[in-house]
J.: 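Below you'll find the structure I mean.
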Amino acid sequence: MIAHPVRRVACPDCDLLLTLPPVPAGGSARCPRCDARLSRAPHRSIERTSALALAGLLLFVVANAFPFLTLDIQGRQTEATLFEGVRTLWTQDMPFLSVLVLATIIVAPLLHLSLLLYLLLPLGWGRRPPGGPRLFALLHHIRPWSMAEVFMLGVLVSMTKLADLADIFPGIALWAFSLLILVIAATLSTLDEEVVWARLAPRFEPTKARG
Amino acid sequence: MSAPGRALSASLATCHTCALLMRLPPRTHALGCPRCGHPVHARKQNSLRRTWALVAAGAILYVPANLLPIMSVTHLGSGRTDTIMSGVMHLLHTGMWPLALIVFVASVFVPLAKLLALVLLLVSVQRGWTWRPVQRTRLYRLTEMVGRWSMVDIYVVTILAALVNAGALARVEPRPGAVFFGLVVVLTMLAAESFDPRLIWDRLGARRG
Ligand SMILES: [Zn+2]
């Protein structure tokens, strides 16, 4: 089964103009000159990506509603949620850091997942969501700023730094957050941007023969 | 297939955002993408100048980011302040050497390597080098990919401040070094984004005639 028909593309990294052979479902195509990935066609991209985005949103709620670490310092327990980290930085006169953490850990992942769901759920039913092209373009620019996986490494480092000060217990939010990272990574590998563009704006397609 | 050609030579341009290939009318340098609405240029605008400016700013801020303390911890009357490097040494002394290595690579090595890689790419394009274009393009893609991992120390400060300050026994305060460090990460990410790897290949075509 062919996912993407023959078409003319220019490599985004080296500007080589080429006619891309048809890409079968599950396959991908690379630039023959600089090896940039030009096309990818994961199986049932829209259905799988929207299911993952929904699961991701649920995990996001859990990861933000519950404390991610509990600290026991000589019998006194303290705990913190993700947002409390952001608020603490703000109250400590670190507005830039506070906004940076808020943007990369909370806002960008939330926008990533909710935009995917908003766009792909209707597309799966054959409907075009209002503002689709604008929002899908926005999603493209948000993606590099979503850094949940880096935050997880920060949690690991923090836990070892605190180990000589207190007993540390991972909270529910931490488990949810770990799963969230896997789900976000999965949405990136199942998303077929060409298919989404083709369904959002079909008039730009070279041929009408599309699955 | 005909001889490899540039899209630019065929008056075609690719949208940076949605990858649509479109005709660029003669003597036009920019137009709005008909599909996603974002501005389209044959090459990223003022790519070299913008990248140089961001790399220079990042390199300058890299110094205070590493020399100034990023946080201070006060516990039962005794306190310590940590720079990035002393935090790494602390991890090393507590026997967490794999973690110490990861933090060193993410916080010290990656930002510096990224700045050096971008300088190499900028100089290579400005001097019109034709040397190893595939490897230089790969280096660019790597530069774009790894920068995010430098955020790890910012997150450590956030987590420690939130957790420890919630109790009353100890205090963790972020210090200005962390702000400079955050700026370095953001500036180098923007620098990588503003570099246009197609310039590597343009010079190659010009040399061949
Ligand atoms: Zn290429």
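Each chain gets a letter, A, B and so on, in the order the sequences are listed, and its residues count up from 1.
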J.: Tell me, side chain or backbone of A/Ser146 under 4.5 Å from chain B's heavy atoms, or both, or neither?
T.: backbone

J.: Measure B/Ala178 against the heavy atoms of chain A and call it side chain, backbone, both or neither at under 4.5 Å.
T.: both

J.: Between A/Glu149 and chain B, which part of the residue has a heavy atom less than 4.5 Å away: side chain, backbone, both or neither?
T.: both

J.: Looking at B/Arg50, I'd like to know if its CZ atom is crowded, meaning that more than 12 non-hydrogen atoms belonging to other residues, nucleotides or ligands lie closer than 6.0 Å.
T.: yes

J.: Is there a donor in the side chain of A/Ser158 and an acceptor in the side chain of B/Tyr155, or the other way round, less than 3.5 Å apart?
T.: no

J.: Which value, rounded to the nearest 0.5 Å, describes the distance between A/Leu156 atom CG and B/Ile102 atom CD1?
T.: 8.0 Å

J.: Could you tell me which of B/Cys18, B/Cys33, B/Ser150, B/Gly147 has the largest number of non-hydrogen atom pairs under 4.5 Å with chain A?
T.: B/Cys18

J.: Does the side chain of B/Arg43 come within less than 4.5 Å of A/Asp15's, by heavy atoms?
T.: yes

J.: Is A/Leu69 close to chain B through its backbone or its side chain, or both, or neither, when contacts mean heavy atoms under 4.5 Å?
T.: both

J.: Work out which heavy atom in A/Pro12 is nearest to a heavy atom in B/Pro197; give both atom names and the distance.
T.: O-CG, 4.5 Å

J.: For the residue pair B/Arg6 and A/Leu16, establish whether any side-chain heavy-atom pair is separated by less than 4.5 Å.
T.: no

J.: Check A/Arg143 against B/Arg148 and note the closest heavy-atom contact, atom names and distance.
T.: O-NH1, 4.5 Å

J.: To the nearest 0.5 Å, how far apart are OG in A/Ser98 and CD1 in B/Ile154?
T.: 12.0 Å

J.: Between A/Met147 and chain B, which part of the residue has a heavy atom less than 4.5 Å away: side chain, backbone, both or neither?
T.: both

J.: For residues B/Ala161 and A/Gln92, report the shortest heavy-atom separation together with the two atoms involved.
T.: CB-OE1, 3.7 Å

J.: Tell me, yes or no, whether the heavy-atom count around B/Arg80 atom CZ, taken from other residues, nucleotides or ligands under 6.0 Å, exceeds 12.
T.: yes

J.: Using non-hydrogen atoms only, which part of A/Phe96 is less than 4.5 Å away from chain B: side chain, backbone, both, or neither?
T.: side chain

J.: Against chain B, label A/Ala166 side chain, backbone, both or neither, depending on which of its atoms sit under 4.5 Å from a heavy atom there.
T.: neither

J.: Between atom OG1 of B/Thr158 and atom CE of A/Met94, what is the distance when rounded to the nearest 0.5 Å?
T.: 10.5 Å

J.: Under 4.0 Å between a Lys/Arg side-chain N and an Asp/Glu carboxylate O for A/Asp13 and B/Arg198?
T.: no

J.: Using non-hydrogen atoms and a 4.5 Å limit, figure out which bit of A/Phe68 sits close to chain B: side chain, backbone, both or neither.
T.: side chain

J.: Do the non-hydrogen side-chain atoms of B/Arg141 and A/Cys34 ever get within less than 4.5 Å of each other?
T.: yes

J.: Would a 4.5 Å heavy-atom cut-off, applied to side chains only, mark A/Leu89 and B/Pro174 as touching?
T.: yes

J.: Before we go on, tell me: are the rings of B/His16 and A/His140 under 6.0 Å apart, centre to centre?
T.: no

J.: Counting only heavy atoms not in A/Trp145 (residues, nucleotides, ligands), do more than 12 fall under 6.0 Å from its CH2?
T.: yes

J.: Could you tell me which portion of A/Val86 (side chain, backbone, both or neither) has an atom closer than 4.5 angstrom to a non-hydrogen atom of chain B?
T.: backbone

J.: Under 4.5 Å heavy-atom distance to chain B, tell me which part of A/Cys11 shows up: side chain, backbone, both or neither.
T.: backbone

J.: What's the separation between atom CG in A/Leu17 and atom CG in B/Leu21, rounded to the nearest 0.5 Å?
T.: 6.5 Å

J.: Identify which of B/Val157, B/Val185, B/Leu99 forms the greatest number of heavy-atom pairs closer than 4.5 Å to chain A.
T.: B/Leu99

J.: Using a 4.5 Å cut-off on heavy atoms from C-beta on, say whether the side chain of A/Leu100 contacts that of B/Met151.
T.: yes

J.: Does the side chain of B/Thr94 reach to within under 4.5 Å of the side chain of A/Thr160, using non-hydrogen atoms?
T.: no

J.: Can you tell if the side chain of B/Val156 reaches within under 4.5 Å of the side chain of A/Phe151, non-hydrogen atoms only?
T.: no

J.: Which heavy atom in B/Pro34 sits nearest to a heavy atom in A/Phe204, and how many Å separate them?
T.: O-CZ, 3.3 Å

J.: Could you check which of B/Leu183, B/Leu163, B/Val134, B/Val103 has the highest count of heavy-atom pairs closer than 4.5 Å to chain A?
T.: B/Leu163

J.: With a 4.5 angstrom heavy-atom cut-off, is it the side chain or the backbone of A/Val9 that approaches chain B, or both, or neither?
T.: backbone

J.: Relative to chain B, which segment of A/Leu153 carries a heavy atom at a distance below 4.5 Å: side chain, backbone, both, or neither?
T.: both

J.: Give, as side chain, backbone, both or neither, the part of B/Met145 having an atom under 4.5 angstrom from any heavy atom of chain A.
T.: neither

J.: Looking only at heavy atoms, what is the nearest atom pair of A/Ala201 and B/Arg35, with distance?
T.: CB-CG, 3.9 Å

J.: At a 4.5 Å cut-off on heavy atoms, which part of A/Glu79 comes close to chain B: side chain, backbone, both, or neither?
T.: backbone

J.: Locate the shortest heavy-atom distance separating A/Ala137 from B/Thr17; write the atom from each residue and the value.
T.: CB-CG2, 3.5 Å

J.: Report, as yes or no, whether the 6.0 Å neighbourhood of atom CZ on B/Arg132 holds more than 12 heavy atoms from other residues, nucleotides or ligands.
T.: no

J.: Contact part of A/Arg8 toward chain B, heavy-atom cut-off under 4.5 Å: side chain, backbone, both or neither?
T.: both

J.: Working to the nearest 0.5 Å, report the span between CD1 of B/Ile159 and NZ of A/Lys161.
T.: 11.0 Å

